[in-house]
*Asks:* 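The structure that follows is given in the form of structure tokens.
Ligands are counted one by one from 1 in listed order, and the atoms in each one are counted from 1 as well. In this text, all values refer to a predicted model and were calculated from it rather than measured experimentally. Along the sequence shown, residues are numbered consecutively beginning with 1.
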Amino acid sequence: MLLARDYRTGQPIEVHIKGDRIAAVAYPDAAPADLPFVAPGLIDVQINGYGGLDFDSDKMSPDRWAATVKMQLARGVTTFLPTFCTNSREGFIASLTRYRQVVADPMLSHVMPGVHIEGPYISSEDGPRGAHNRAYTRNPSIEEFDAITQAAGGRVTILTLAPEREGAVPFIRELARRGVIVSIAHTDASREQIEAAVAAGARFSTHLGNGGHVNINRHRNYLYDQLADDRLWASVIPDSHHVPRALFNIILRTKGLDRVVLVSDASGLAGLAPGVYGHCEILPSGRLQLVATPAIMAGSSIALDFGVGKAVQMAGLTLAEAIDLASAQPAKLVGLADRGRLDVGAVADLILFKWDAANCTMAVQETYVQGRKV
Ligand SMILES: [Zn+2]
């Protein structure tokens, strides 16, 4: 039994666990004052690596995968989708084959139930393509997607693409039919192209506000077209560098809290100290950018628990609202109906943490996966 404070109300709560599930909850009248909060574990649908390695690195041995998972669990992230960026066909197949081998372990399979493929069917243009390798950007191909899916053991949950690529509409229609979440980003699409993508089944915008031109038309642009379409959910990177406070608030208010998810978009360099690492640099502020073109960011340097705190700080959300954006919401998006909830019957993926309200920071103390302390 866990005795803590309910993240939704601050009231003392007893969480009774049986097997891998929450079996009962009770609300005692009295409890010690210094109890930590309890909440569902965080769920990150976009994370490229952590602590020095990208998931698509050929150095990603099973031991290193396990070590990366451990670092995420320590930050309170109990489910995440390893994200694989624009690469050659062989590169995708090699990294996804490594993923498939790693998730032969049932616990790792639970923590990483699927993958997010970001690219390669994105814009080739400077600006929209962000830090993705132009040489590997290309038009969608179902035949290639099948090979990628097969390497991943059928576990492709999200695919992010640019709707203006030739052949995108039938490609989106086919992926939607198969239950893959098609997401829009790294795009220079017109209103008509976004409209056609949504009509074909696209239902998500990846890191809205990023992966675009530095300057855009003040009235006609792909940012407004996605913001204004209620059929699209959106993810946003709340590290305070990827979107300024005003845009963060605009995304939350136009979409509503029931259509937004927070993601870390952590680079493999996330979690490391400021400094230059190859062609990337982490500034003391935490901003992670390309050395040659500092206006282009290359993922974030955060884990999602940090983003929850920043979301409270930037938008004046309650702690419960911010946590739901990083747990209940992504669970709903990807169809993990028994995760992201502190309710009887839900999977006991739980975190105990201290909340520093003055500085808006979470300090995770204990993490439980499927009812077991890890
Ligand atoms: Zn991206």
*Asks:* Taking backbone and side chain together, does C85 place any N/O/S atom at a distance below 2.8 Å from the Zn ion (ligand 1)?
*Replies:*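 False for C85.
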*Asks:* Do S235 and V261 make a side-chain contact, defined as non-hydrogen atoms from C-beta onward lying under 4.5 Å apart?
*Replies:*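 Yes, their side chains come closer than 4.5 Å.
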*Asks:* Considering only heavy atoms from C-beta outward, does the side chain of F145 approach that of P140 to under 4.5 Å?
*Replies:* no
*Asks:* Taking both backbone and side chain into account, is any N, O or S atom of E118 nearer than 2.8 Å to the Zn ion (ligand 1)?
*Replies:*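 E118 does place an N, O or S atom closer than 2.8 Å to the Zn ion (ligand 1).
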*Asks:* Given 3.5 Å as the limit, does a donor-acceptor pair link the side chain of K255 with the main chain of I250, or not?
*Replies:* no
*Asks:* Does a side-chain N-to-carboxylate-O contact under 4.0 Å join D54 and R98?
*Replies:*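 Between R98 and D54 there is no salt bridge, as every charged N stays at least 4.0 Å from the carboxylate O atoms.
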*Asks:* Please find out if the Zn ion (ligand 1) and some N, O or S atom of H207 are separated by less than 2.8 Å.
*Replies:* yes
